[in-house]
Amino acid sequence: QTAHLIYLEGALLMMSLRVPDALPLDVGCLPHATLLCGPGFAPRDANEVLARATDLGWLDDVAQLSTGCLDVLGSVRNLYIQPFPDFVLPARLEAF
């Protein structure tokens, strides 16, 4: 599964993450790291943006930078998705 760098214009910059199936996750939480938040937005908003993009199929089979408009968090904003198919973050769970 590909990791993606996702930018919701003026709002959020995040990275979707691949995690091992054995790693427990909170129900409804999509693995990601929130990198930056714009004014009026919080890190908790990233999961909603990622969920909407996933539901629309925008993270499926993305081979290069793609763009679209997303109606989320009370406004319509440009969304940019850059795939990183071979991205590996070498880290151990104990480090977090």
Side-chain angles (χ1 to χ4, degrees):
Q1 186 178 20
T2 301
H4 301 84
L5 186 65
I6 302 165
Y7 175 60
L8 184 65
E9 192 168 35
L12 295 162
L13 178 65
M14 70 194 87
M15 184 84 170
S16 67
L17 302 173
R18 294 182 306 255
V19 296
D21 291 334
L23 188 65
L25 297 173
D26 291 337
V27 175
C29 181
L30 300 167
H32 69 278
T34 304
L35 305 173
L36 294 170
C37 294
F41 296 90
R44 69 178 173 272
D45 298 326
N47 197 66
E48 183 177 344
V49 171
L50 188 55
R52 292 276 293 129
T54 300
D55 290 346
L56 292 169
W58 289 0
L59 301 182
D60 300 336
D61 300 322
V62 176
Q64 58 187 5
L65 177 67
S66 61
T67 63
C69 288
L70 188 65
D71 184 359
V72 66
L73 304 171
S75 64
V76 177
R77 294 179 180 263
N78 291 323
L79 184 75
Y80 302 89
I81 302 169
Q82 175 66 54
F84 288 92
D86 299 320
F87 179 78
V88 175
L89 179 63
R92 295 189 331 242
L93 184 59
E94 296 85 20
F96 294 96

Contact check, side chains of Cys69 and Asn78, non-hydrogen atoms, under 4.5 Å | yes
Evaluate whether atom CG of Asp71 has more than 12 neighbouring non-hydrogen atoms of other residues, nucleotides or ligands under 6.0 angstrom away.
-> yes
Applying side chain to side chain contact (heavy atoms under 4.5 Å, CB included), name anything that partners [X], two or more places apart in sequence or on another chain.
X     : value
Thr67 : Tyr80
Leu5  : Leu13, Met15, Leu35, Gln82, Phe84
Asp45 : Leu12, Phe41, Ala42, Leu73

Which distance, rounded to the nearest 0.5 Å, do you find between the [atom1] of [X] and the [atom2] of [Y]?
X     : Y     : atom1 : atom2 : value
Leu70 : Glu9  : CG    : CD    : 12.0 Å
Thr34 : His32 : OG1   : NE2   : 3.5 Å
Leu50 : Leu8  : CG    : CG    : 11.5 Å

Ile6 and Ser16: which non-hydrogen atoms are nearest, and at how many Å?
-> CD1-CB, 4.3 Å
Looking at Pro43 and Cys37, what are the two nearest heavy atoms and their distance?
-> N-SG, 3.4 Å
